[in-house]
*Asks:* 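What follows is a single structure, and I will ask about it in a moment.
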There are 2 protein chains.
Amino acid sequence: MTVTIYDVAREAKVSMATVSRVVNGNPNVKPATRDRVNEVIKRLNYRPNAVARGLASKKTTTVGVIIPDISNIYYSELARGLEDIATMYKYQTIISNSDNDPFKEREIFNNLLSKQVDGIIFLGGTLSNETAELIQTSSVPVVVSGTQDNDSALPAVNIDYHSASREITEKLLKDGARQFAFVGGGYSEKARHDVLSGMTEGLKDNGITFNDDAVYVGSEQYLDGEKAFAQLQGLKPDAILCISDEQAIGLVHAAQDAGLNIPDDLQIVSFNNTRLVQMVRPKLSSVMQPLYDIGAVGMRLLTKFMNDEEIEDKQVVLPYHIDYRGTTK
Amino acid sequence: MTVTIYDVAREAKVSMATVSRVVNGNPNVKPATRDRVNEVIKRLNYRPNAVARGLASKKTTTVGVIIPDISNIYYSELARGLEDIATMYKYQTIISNSDNDPFKEREIFNNLLSKQVDGIIFLGGTLSNETAELIQTSSVPVVVSGTQDNDSALPAVNIDYHSASREITEKLLKDGARQFAFVGGGYSEKARHDVLSGMTEGLKDNGITFNDDAVYVGSEQYLDGEKAFAQLQGLKPDAILCISDEQAIGLVHAAQDAGLNIPDDLQIVSFNNTRLVQMVRPKLSSVMQPLYDIGAVGMRLLTKFMNDEEIEDKQVVLPYHIDYRGTTK
DNA sequence: CTGAAAGCGCTAACAG
DNA sequence: CTGTTAGCGCTTTCAG
């Protein structure tokens, strides 16, 4: 039924070892032999069985991807970047949604190990200490993209949320904002923490104490942005830093529906730079995170680990750029 | 180093067959033996090697997913639906982006076969005849979700674009629209064709001949919607059917920037129902396609094929619902 | 440059 | 209920 390496060997009158060599591009084969084998391979339409190969070689050319939610545009852009690099290096990706649930994360992780993946990328979301520990103790290389474990022990690629947040805060202060608020989502605790600390620090240096009342933490979705506005409205904020574009758009619309003018009455800056930023009026001022690149660089880093290449720095910090559009003065 | 079934067998003083039985939940094991084996499994932290299992059993509990672009919100919602069902049935998914390129599609398909996946889901995009043929001749089950091959020979799940389009056309005509236009994207040729035919038919039945000038085919992205408006503007359309939400939002903004009032001067209906529909003002009137379900049902169908369950109908047509929001009268 | 042979870790008859 | 025995299809020494 299915044609195996043995069939090819017999037909080409060589041993399976030789067939294996030509399939794997081993140079130690006489060109004439190589041609003969290749001819048979094509004629028989032989397709190597990757599972058998994986068992024999202990390499599966497969990497696992743990992602909070592939239908979230933020993560799907990371995923695309990572996938492209994986393809470039001839790896396939097994992608699983964790919903940022530590239990699911561990389940996925174990499944991935059982499938003998050559490496794992952990995307976004909060990295719980238990999960981080499980990762530490496993022997397959793991890279974290778009988030970080609490003690930064894992290889990771990120932007510097703290600096970005601080920079934005200074700018908004300069433009007259005084009453700051923060809107975060459920996924990346690390990012949330860094943005908050950057803002708090920026305010403090300018003699303003930031009050925890002005923090809303929700689910990173559009409707959640509307909810956030409803909750924060009483404080009459004139500047909001928001962790997700989708939430930010919800904020914009809720504020407009409440009769506020953006950016005159309220300035909003978000932290994602997905394609959504240009899909509102006014257009969203946003920190341009190189999402595609964060995914891509993460995968590239992983390939280095998988091939035992030398690694200069396990912690990659990618540059960000703040794009001030219509929702800021 | 790694603990194998053999280690467990030795430690539990049984044969590897017995260990295999308890791991696979085979009832023919004395409870006492089962407990002993389980104890050893836990103590040794034994994790079955799925690759070896796959080789021996010829089942990998892995399905392949061919998707045009995971960073496109339309497809990522399909992907999420499919993934959830896959997880429910204990399958992992290998996801690869095809960019709707027939060459890449075939390459991915062959890689997937070589990985011995138990089934393949082909998502969205145009299904070229060559690819369809390749699929036909392979022995693994394949299901197509959100599109269809030209002669509808493959198992597929879809909505009835033709009817939806016709229904919208009638409604818009009733509300006074006379100058129709169509904006499509590069991905699903089948959907584009059906929407166009539904509209043409609806118009024809009302004595209006649809002119091909009023068709724009682009890339399904936001900026492309703006481009489409620029191109169609000269025809002064008062109704546009648009295949993608993202393009539709581009249309809305371009029209507004040109001083048009929506929906008074121009009505727009899109065909996706992604989360984007509510992220514009006015909100987008759109055909509610059950994207998540299209993916989910596709995967469910695939599991039936993989388990040789009985299949009533290889062609599933899911209900749609038209949601008239702010961009229509 | 090529072949023989020993596994990789597990499942699946087949006996008992 | 349990053990024995063949493989699954390929890679990888080791000889020659």
Side-chain angles (χ1 to χ4, degrees), chain A residues 1-38 40-41 44-62 90 110-111 113-118 139-140, chain B residues 1-38 40-41 44-62 90 110-111 113-118 139-140:
Chain A
M1 170 71 226
T2 53
V3 17
T4 74
I5 199 172
Y6 187 75
D7 300 320
V8 176
R10 184 166 24 73
E11 198 76 7
K13 301 192 194 315
V14 293
S15 71
M16 37 191 297
T18 299
V19 178
S20 176
R21 287 192 188 96
V22 348
V23 168
N24 292 296
N26 184 318
N28 293 344
V29 182
K30 198 176 9 170
T33 318
R34 175 184 309 278
D35 290 348
R36 187 150 38 89
V37 171
N38 275 324
V40 175
I41 286 178
L44 264 46
N45 193 22
Y46 166 68
R47 187 185 290 114
N49 181 323
V51 173
R53 181 185 292 193
L55 183 58
S57 70
K58 301 186 169 305
K59 289 204 170 60
T60 54
T61 63
T62 303
K90 310 280 184 211
N110 283 322
N111 277 334
L113 292 185
S114 136
K115 290 249 160 138
Q116 315 298 121
V117 294
D118 296 337
S139 55
V140 302
Chain B
M1 171 68 227
T2 52
V3 15
T4 75
I5 200 172
Y6 186 75
D7 299 322
V8 176
R10 184 166 25 74
E11 197 76 7
K13 301 192 196 312
V14 293
S15 72
M16 37 190 297
T18 299
V19 178
S20 177
R21 287 192 189 95
V22 349
V23 167
N24 293 295
N26 183 318
N28 293 343
V29 182
K30 194 169 20 162
T33 317
R34 175 184 308 280
D35 290 348
R36 188 150 38 90
V37 171
N38 274 326
V40 175
I41 286 178
L44 264 45
N45 192 22
Y46 166 67
R47 187 185 289 116
N49 180 324
V51 173
R53 180 185 292 190
L55 184 58
S57 70
K58 300 182 169 309
K59 289 204 172 60
T60 54
T61 63
T62 303
K90 311 279 183 212
N110 283 321
N111 277 334
L113 291 185
S114 135
K115 290 251 159 135
Q116 314 300 118
V117 294
D118 295 338
S139 55
V140 302

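Reminder, nothing fancy here: chain letters follow the sequence lines and each chain counts from 1.
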*Asks:* Working to the nearest 0.5 angstrom, can you tell me the gap between B:Met16 CE and B:Arg10 CZ?
*Replies:* 12.0 Å
*Asks:* Does a nitrogen or oxygen in the side chain of A:Thr18 sit under 4.0 Å from OP1 or OP2 of C:dG3?
*Replies:* yes
*Asks:* Would you kindly give the CG-to-P distance between B:Asn24 and C:dG9, to the nearest whole Å?
*Replies:* 17 Å
*Asks:* Check whether any side-chain N or O of A:Lys58 sits under 4.0 Å from OP1 or OP2 of C:dG9, and answer yes or no.
*Replies:* yes
*Asks:* Just how far, in rounded Å, is P of C:dC10 from CE of B:Met16?
*Replies:* 7 Å
*Asks:* Take A:Ser20 and B:Lys13, find for each the nucleotide of DNA chain D with the closest heavy atom, and name the residue whose nucleotide sits nearer the 5' end.
*Replies:* B:Lys13
*Asks:* Nearest to the A:Leu55 side chain among C:dC8, C:dC10, C:dG3, which nucleotide is it?
*Replies:* C:dC8
*Asks:* Give the rounded distance in Å between these two atoms: NZ of A:Lys115 and P of C:dC8.
*Replies:* 23 Å
*Asks:* Could you tell me how far apart B:Ile5 (CD1) and C:dG7 (C1') are, to the nearest whole angstrom?
*Replies:* 16 Å
*Asks:* Do you know which of B:Thr61, B:Asn49, B:Thr60 makes side-chain hydrogen bond (donor to acceptor under 3.5 Å, both in side chains) with A:Lys115?
*Replies:* B:Thr61
*Asks:* In whole angstrom, what separates A:Leu113's CG from C:dG9's P?
*Replies:* 15 Å
*Asks:* Select base, sugar-phosphate, or nothing to describe what A:Asn28 touches, counting heavy atoms under 4.0 Å on all strands.
*Replies:* base
*Asks:* Have a look at A:Val14 and say if it touches a base, only the backbone sugar-phosphate, or nothing, with a 4.0 Å heavy-atom cut-off.
*Replies:* sugar-phosphate
*Asks:* When rounded to the nearest 0.5 angstrom, what is the spacing between OG1 in B:Thr2 and NZ in A:Lys58?
*Replies:* 5.5 Å
*Asks:* Using a heavy-atom cut-off of 4.0 Å to chain A, what are the terminal contacting nucleotides of DNA chain D, in 5' to 3' order?
*Replies:* D:dG9 to D:dT12
*Asks:* Atom NZ of B:Lys59 to atom C1' of C:dC10: distance rounded to whole Å?
*Replies:* 14 Å
*Asks:* May I ask you to test the B:Val22-B:Ile41 pair for a side-chain heavy-atom distance under 4.5 Å?
*Replies:* yes
*Asks:* Classify B:Ser57 by what it touches in the nucleic acid, base, sugar-phosphate, or nothing, heavy-atom distance under 4.0 Å.
*Replies:* sugar-phosphate
*Asks:* If you pin B:Ala52 and B:Pro27 to their nearest nucleotides in DNA chain D, which one's is more 5'?
*Replies:* B:Pro27
*Asks:* Would you say A:Asn110 and B:Arg47 are linked by a side-chain donor-acceptor pair, where the criterion is simply a distance under 3.5 Å?
*Replies:* yes
*Asks:* For C:dG7, does either OP1 or OP2 sit under 4.0 Å from a side-chain N or O belonging to B:Tyr6?
*Replies:* no
*Asks:* Any side-chain heavy atom of B:Tyr46 sitting closer than 4.5 Å to one from B:Val23?
*Replies:* yes
*Asks:* Would you mind reading off the distance between A:Arg34 atom CZ and C:dT2 atom P, rounded to a whole angstrom?
*Replies:* 9 Å
*Asks:* Would you check if the side chain of A:Arg36 reaches a backbone N or O of A:Ala12 as a donor-acceptor pair within less than 3.5 Å?
*Replies:* yes
*Asks:* Can you check the B:Asp7 CG to C:dG9 P distance for me, whole Å?
*Replies:* 9 Å
*Asks:* Just compare C:dC14, C:dG9, C:dC8 and give me whichever is closest to any side-chain atom of B:Arg21.
*Replies:* C:dC14
*Asks:* B:Asn26 side chain to B:Asn28 main-chain N or O, any donor-acceptor pair under 3.5 Å?
*Replies:* yes
*Asks:* Would you say a side-chain N or O of B:Arg53 is under 4.0 Å from OP1 or OP2 of C:dT11?
*Replies:* yes
